[in-house]
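Below is one structure, written out as structure tokens; comments come after it.
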Number of protein chains: 2
Amino acid sequence: MAKIDLARRAKIGRDRRARTRAQILEAGAALLAAGAALTVDAVAEAAAVAKGTFYYHFENVEELVAAVSVQLGRNFDELLTPARAELRDPIARLSFAFTQCLEKAISDNEWARLVVQTSQRPTEFARSVRDSLKVDLAEAIAQGRVTVRDPELAVDIFVGIWLQVTRGIIERAAPPELSWHALEAALRALGSAPHENRKL
Amino acid sequence: MAKIDLARRAKIGRDRRARTRAQILEAGAALLAAGAALTVDAVAEAAAVAKGTFYYHFENVEELVAAVSVQLGRNFDELLTPARAELRDPIARLSFAFTQCLEKAISDNEWARLVVQTSQRPTEFARSVRDSLKVDLAEAIAQGRVTVRDPELAVDIFVGIWLQVTRGIIERAAPPELSWHALEAALRALGSAPHENRKL
DNA sequence: TTTCACCTTGACTATATAGTCGAAATGACC
DNA sequence: GGTCATTTCGACTATATAGTCAAGGTGAAA
């Protein structure tokens, strides 16, 4: 029984289901990025799908937001895992992540908006970004590479500059070398010795 | 005609009107700080006032938010004008404002929440805080006192650290000397010479 | 072609929220 | 006590939104 059900489900469902779910996810991300009111009706309309279809894929809007957040998290990982594996130096990893994210924000305004909106909600994404940074910052602190001693404060400083500069990118044009200047400032804030910054 | 109307209005209205409006304003601020859904019904109930009364004082919720934002702005000015008048040094003014705000956030959690919530909406408050900081930072830049050259970036760095540390204060307990450490970090980020920091 | 599990639809109910308005309350002044 | 500008009240209408469900569509496999 179960075998047949699953086999059929796999064959028939995989495509349609995945496609529709992706549509809804994308529409949700777009509305979230735009800061629009996130209602089921709005999402369904933006996804060109009936209301009932939305509820077939998601329990409610909250679950959709969670799914968008998870997807954005994976997106981040893709952007950053290469460096995470290669770079041994925590400060180099932090620097890479920082500039990568700002550069992507500069080249993709909607992505930047999504990041900002998602960060200022209590999402899985916000938590995991914070956790990742804390690991690297704690390592840097343990190595005596930075002046700031409190990992939580270090994260707040790093995230604070990053998020606010991202907001700036959304609202104003990004001047040349913005990412680099912002990184320098963030490293100075942490109290990382100047010569460390040249790694990139 | 007008004379009588205005005289009566002044006598009769001033108290009741002001008191009720203040009640609504306070209720609105509390809900905004709590991050609750800001509906007219919720505000009216929290203010112990009928719905019609809300609409007698405010056009809609948006106008209430604007009024809360303006009030918070005045609150900020009261907190900071003493220093603004006395301190000639822009970096000393920035340092004073920075630590004052963090200390107040530490001692008044609801105030901190209100500041964060209000800052992440496009309010008059958010704009005016940014403008004030930009004036001082531009002066510091003009004096060659800081490394960062772009005033907008300088504001983003300063505001970013301040807001995120405030969020940290809300979510975690503030360790001793937090304000001071955060200020040191912010000044380092701007590239202010170390000895400048001792001003406070 | 038929079957059948899965997917999609949109109308429907229930609730929440915005905004209106006539009536009543208030209190200073006569 | 009576008058009257001002303020307050809450029921009412209209609209928006959440969530449900019976009916029908889809396409792979028999």
Side-chain angles (χ1 to χ4, degrees), chain A residues 1-32 34-69 117 121, chain B residues 1-32 34-69 117 121:
Chain A
M1 285 296 170
K3 198 188 266 181
I4 293 176
D5 286 357
L6 289 176
R8 297 211 61 171
R9 173 188 225 165
K11 295 254 177 183
I12 302 176
R14 67 184 170 182
D15 253 16
R16 257 208 301 178
R17 186 189 187 107
R19 204 169 343 115
T20 305
R21 194 188 149 93
Q23 269 175 37
I24 296 173
L25 217 49
E26 192 176 349
L31 288 180
L32 193 57
L38 216 57
T39 67
V40 177
D41 285 306
V43 172
E45 187 185 344
V49 135
K51 199 171 190 176
T53 303
F54 174 91
Y55 282 105
Y56 183 77
H57 290 274
F58 299 94
E59 192 73 24
N60 49 41
V61 179
E62 193 184 342
E63 193 182 297
L64 171 64
V65 172
V68 169
S69 154
Q117 294 289 339
R121 296 185 180 220
Chain B
M1 286 292 173
K3 199 187 266 181
I4 294 177
D5 285 357
L6 289 177
R8 296 212 62 172
R9 171 187 227 163
K11 294 255 177 184
I12 302 177
R14 66 183 170 184
D15 253 15
R16 257 207 303 176
R17 186 190 187 106
R19 203 167 345 114
T20 305
R21 193 187 149 93
Q23 268 175 36
I24 297 173
L25 217 48
E26 192 176 348
L31 289 180
L32 193 57
L38 216 57
T39 66
V40 176
D41 285 306
V43 171
E45 187 185 344
V49 134
K51 199 170 189 176
T53 304
F54 174 91
Y55 282 105
Y56 183 75
H57 290 274
F58 299 94
E59 191 73 24
N60 48 41
V61 179
E62 193 184 343
E63 193 182 298
L64 171 64
V65 172
V68 169
S69 154
Q117 294 290 338
R121 297 186 179 220

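Here is the naming used below: chain letters follow the sequence lines, and residue numbers restart at 1 for every chain. In this text, all values refer to a predicted model and were calculated from it rather than measured experimentally.
At dT7(D), one or more side-chain N or O atoms of R17(B) fall inside 4.0 Å of OP1 or OP2 (strictly under the cut-off). Contact between the side-chain N/O atoms of H57(B) and the OP1/OP2 oxygens of dT8(D) is found at a separation under 4.0 Å.
As a whole-Å value, the separation of E62(B) CD from dA18(C) P is 13 Å. Computed from coordinates, the R21(A) CZ to dT8(C) P distance equals 12 Å when rounded to whole Å. One interatomic measurement links the two molecules: OH of Y56(A) to P of dA5(C), which rounds to 13 Å at whole-angstrom precision. E59(A) has its CD atom 12 Å from the C1' atom of dT20(D), to the nearest Å. Note: CD (E63(A)) to C1' (dG19(D)) measures 14 Å, nearest angstrom. Atom CZ of F58(B) is separated from atom P of dT7(D) by 13 Å (rounded to the nearest Å).
Within residues 23-31 of chain A, no residue is approached by DNA chain C to less than 4.0 Å at the level of any non-hydrogen atom. Residues from residues 40-55 of chain A with heavy atoms under 4.0 angstrom of DNA chain D, sorted by number: V40(A), D41(A), K51(A), G52(A), Y55(A).
One finds the CG atom of L32(A) at 5.0 Å from the CZ atom of R121(A) (value rounded to the nearest 0.5 Å). Atom OH of Y55(B) sits about 11.5 Å away from atom CD of E63(B), to the nearest 0.5 Å. A distance of 12.5 Å separates CZ of R19(A) from CD1 of I24(A), quoted to the nearest 0.5 Å.
Residues L38(A) and V65(A) come closest through the heavy atom pair CD2-CG2, 3.5 Å.
Every residue meeting the side chain to side chain contact (heavy atoms under 4.5 Å, CB included) condition with A67(A), not counting sequence neighbours, appears here in chain and number order: R21(A), L25(A), F58(A). Not counting sequence neighbours, A22(A) has no partner by the side chain to side chain contact (heavy atoms under 4.5 Å, CB included) test. The side chain to side chain contact (heavy atoms under 4.5 Å, CB included) check on A27(A) picks up A46(A), A47(A), with sequence neighbours excluded. The side chain to side chain contact (heavy atoms under 4.5 Å, CB included) search around A50(B) returns T53(B), not counting sequence neighbours.
Within the structure, salt bridge (Lys or Arg N to Asp or Glu O under 4.0 Å) contacts touching residues 49-62 of chain A (residues at least two apart or in different chains) are D41(A)-K51(A).
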